[in-house]
Amino acid sequence: MHNNFKSKLTTWSMVLLTSLPIIGTSCSSDKVAETSTNNWNISGNTIVNIKPEYNKLLRNPLQGWNIYTGLGDGLISDFWEKYDHFESRIGQVKVSDYGTTLYIRGAWSYFNPEEDKYIWDENNNDIYAQRFRMLAEGAKQRNLKLAFTFVVDSRDKHEFFTPQFVKDAGAKCYETVTGTMKVWSPYPDDPIFQQKYEKFLRAFAAKYNDPDVTAYVSGFGLGKWGETHSLIYSTGDESPKQAVFDWITDLMSSLFTKVPIFINYHRCLLSTKEYQSSPSDDSKRLITEAVNKGFSLRHDAFGMKTYYSTWERGIAAKFYGIRPIIEEGGWVESSHGNSIKGDGYANFAEVRKGEFDEGKVAHVNMMDLRYSSSVKTGETHSWFNDGFTYLNEFISEGGYRLYPDKVSIPQSANIGSKVQITHRWSNLGWGYCPNNIPQWNYKYKVAFALLDKNTQKPVQTFVDETPKISDWLHGNPQTYTSDFSLQSVSAGSYTWAVGIIDSSKGNDVIGLNLSVRDDDLTPEGWVKLSDVTIK
């Protein structure tokens with residue numbers, strides 16, 4: 001847990017009622033007059049005002065639309081062909097032009113069909129490996145990162161979601177019947193199951209704990225649909241709940257050190273119940289414990305007014321600015337078509353609006369475009385037709401959209417001198433940039449650069465350690481005054497630029513795309529400010 005988590009959590013109610021605390025050396029708001037500490041009129045500086053760009057898709061981590069699919073028999077082999085020529089309200093579109101992530105949800109048995117055999121092995125040519133390669137290679141070609149959920153529970157399935165070798169090794173299991181098929185699932189507190197599942201997760205993390213490939217890993221995989229509710233323990237009661245929680249959260253937080261991990265903020269978390277009107281007594285505590293260990297949050301019933309209500313909204317409000325939230329819509333057109341009226345929806349256009357509105361209240365960073373084997377129906381088709389306005393509105397307003405709206409920058413300076421820069425930053429999105437999660441550990445940082453006028457590439461960068469990007473919330477611009485020394489700069493004419501770097505890759509590698517017009521950007525994503533002469 002980062003040191004500032006406890007202080008943020010304990011003062012959250014106060015933060016909601018007052019302006020954000022001053023960050024760095026100064027703070028401002030568009031609606032509040034500058035204080036005396038905001039030194040804009042610096043001798044020798046010029047003030048640059050930057051216009052934001054509101055509409056383009058920003059391919060930034062943990063924001064935007066998930067293109068959501070499974071690996072089961074409903075997946076068509078020409079998935080990408082269909083999704084590259086998708087019928088929408090405005091005609092044919094390429095779905096990947098609207099998304100940032102390919103989210104793959106599948107059975108543990110798909111990913112690990114035999115012991116020491118994995119779906120990503122080059123010599124694995126079973127049907128699931130072929131589907132996985134098709135999806136992963138297509139995602140890479142379309143500049144989409146991957147995200148994953150695993151499911152171990154076979155209830156309500158017509159196949160086995162845990163690999164057979166787990167049962168053969170002696171794991172204790174229970175049987176259920178789906179239609180005419182008898183299926184089995186492991187008890188989550190069984191030590192053999194835990195040993196085999198841990199081995200799989202370690203192998204997976206060795207391959208996919210890579211932020212250049214993987215956007216996030218979601219859920220524990222336990223319980224119905226992998227949503228960590230409706231668990232059946234070997235004891236017949238909930239006495240193993242805490243031990244199972246500690247095992248899986250400790251394991252995942254130790255394995256995924258670079259890739260974000262998510263937990264369902266379910267009112268019956270790790271409970272034997274699927275739903276109850278009053279949340280389980282310890283659900284909020286367990287969610288907080290998971291957050292303390294580095295987990296972020298998701299919920300899979302947005303828009304379902306019974307399953308996502310006042311308690312869930314309270315969880316989302318409590319952790320706003322502390323952990324990002326991923327939204328999954330609850331109502332599925334192919335299977336819930338006759339049920340939506342119970343929530344007051346007349347059609348799926350209203351469902352899409354309900355999901356969008358609920359996500360806005362929760363400040364979600366991501367929403368989902370769920371796949372259906374019939375591309376003429378289903379959630380993706382519905383969003384591109386019934387909910388196309390909200391689909392685009394989420395791109396414009398959802399997640400985080402950061403930009404520097406005003407900068408006071410030197411016009412000239414001497415080699416070896418100290419320069420002063422005042423800069424103000426805004427977040428146009430309703431979500432937040434989760435730079436404070438332990439997997440990122442504040443790696444995204446504000447940096448100023450002197451660009452070569454011909455190549456537009458940095459010849460010198462200056463990193464400002466003061467701004468905490470995760471504190472930039474909607475409607476609360478943050479202002480900083482920073483001093484930099486020009487010790488290692490050669491005389492010449494340069495262009496000042498500013499950007500947000502990924503410090504894990506060096507001080508001159510842009511890490512986040514800013515909500516700035518293309519004319520003001522270099523090809524690498526630096527925001528051009530003004531010319532400067534160094535003497």
Side-chain angles (χ1 to χ4, degrees), residues 1-2 57-68 96 99-105 111 118-120 132 135-150 200-220 249 251-263 290-291 293-298 322-326 364-366 368 399-402 429 431-447 463 468-470 472 499-514 524-525:
M1 178 178 69
H2 192 271
L57 175 70
L58 300 178
R59 292 191 182 276
N60 283 326
L62 287 186
Q63 82 166 83
W65 285 97
N66 283 300
I67 300 173
Y68 170 9
S96 58
T100 61
T101 305
L102 178 68
Y103 169 50
I104 302 172
R105 184 175 180 272
F111 286 88
Y118 302 105
I119 201 171
W120 56 85
F132 179 73
L135 290 172
E137 290 170 4
K140 185 176 182 180
Q141 293 166 7
R142 292 161 180 81
N143 198 22
L144 302 171
K145 291 188 178 180
L146 302 177
F148 300 90
T149 284
F150 313 115
F200 162 68
L201 289 175
R202 287 189 181 280
F204 178 83
K207 176 74 173 179
Y208 288 103
N209 184 31
D210 180 354
D212 289 333
V213 176
T214 308
Y216 62 86
V217 177
S218 186
F220 302 156
T249 52
L251 174 63
M252 293 187 70
S253 60
S254 69
L255 293 177
F256 298 102
T257 54
K258 299 178 182 179
V259 169
I261 47 177
F262 284 76
I263 181 178
V291 167
K293 293 180 181 182
F295 281 82
S296 297
L297 302 174
R298 72 170 291 130
I322 296 170
R323 292 291 183 265
I325 296 177
I326 289 177
V364 301
N365 271 36
M366 304 192 79
D368 70 301
Y400 56 93
R401 297 184 72 88
L402 311 177
Y432 92 108
C433 179
N435 202 31
N436 57 341
I437 62 175
Q439 295 85 0
W440 290 2
N441 193 28
Y442 297 93
K443 68 178 182 178
Y444 297 112
K445 299 180 180 183
V446 172
V463 178
K468 295 295 182 285
I469 295 170
S470 51
W472 299 352
I500 297 179
I501 61 162
D502 181 347
S503 62
S504 68
K505 297 181 177 180
N507 291 343
D508 58 355
V509 178
I510 290 293
L512 298 178
N513 295 305
L514 298 177
E524 285 76 25

By salt bridge (Lys or Arg N to Asp or Glu O under 4.0 Å) - contacts of [X] (at least two apart):
| X | value |
| --- | --- |
| Arg142 | Asp84 |
| Lys207 | none |
| Arg202 | Glu198 |
| Lys505 | Asp212 |

Are a donor atom and an acceptor atom from the side chains of Tyr444 and Ser503 found within less than 3.5 Å of each other? no
Once side-chain hydrogen bond (donor to acceptor under 3.5 Å, both in side chains) is applied, do any residues pair with [X], and if so which ones, sequence neighbours excluded?
| X | value |
| --- | --- |
| Lys145 | none |
| Ser296 | none |
| Asn66 | Tyr216 |
| Asn209 | Thr257 |

With under 30° as parallel and over 60° as perpendicular, where do the rings of Phe200 and Phe111 fit, or are they tilted in between? tilted
Sequence neighbours excluded, which residues qualify as ring-ring contact (aromatic ring centres under 6.0 Å, His included) partners of Tyr208? Trp120, Phe148, Phe204
Any chance NZ of Lys443 has more than 12 other-residue heavy atoms, nucleotides or ligands included, within less than 6.0 Å? yes
Within the side chain of Thr214, is there an N or O that forms a donor-acceptor pair under 3.5 Å with the backbone of Pro211? no
Backbone of Ile326 reached by a side-chain donor or acceptor of Asn365 within 3.5 Å: no
[X]: side-chain contact (heavy atoms from CB on, under 4.5 Å) partners, not counting sequence neighbours:
| X | answer |
| --- | --- |
| Thr100 | Leu57, Met366 |
| Asn60 | Leu58, Gln63, Tyr400, Leu512, Asn513 |
| Ala447 | Val463, Ile501, Trp526 |

Can you check whether Phe220 and Phe295 have ring centres sitting under 6.0 Å from each other? yes
Closest contact, heavy atoms only, Arg323 versus Pro438: NH2-CD, 3.7 Å
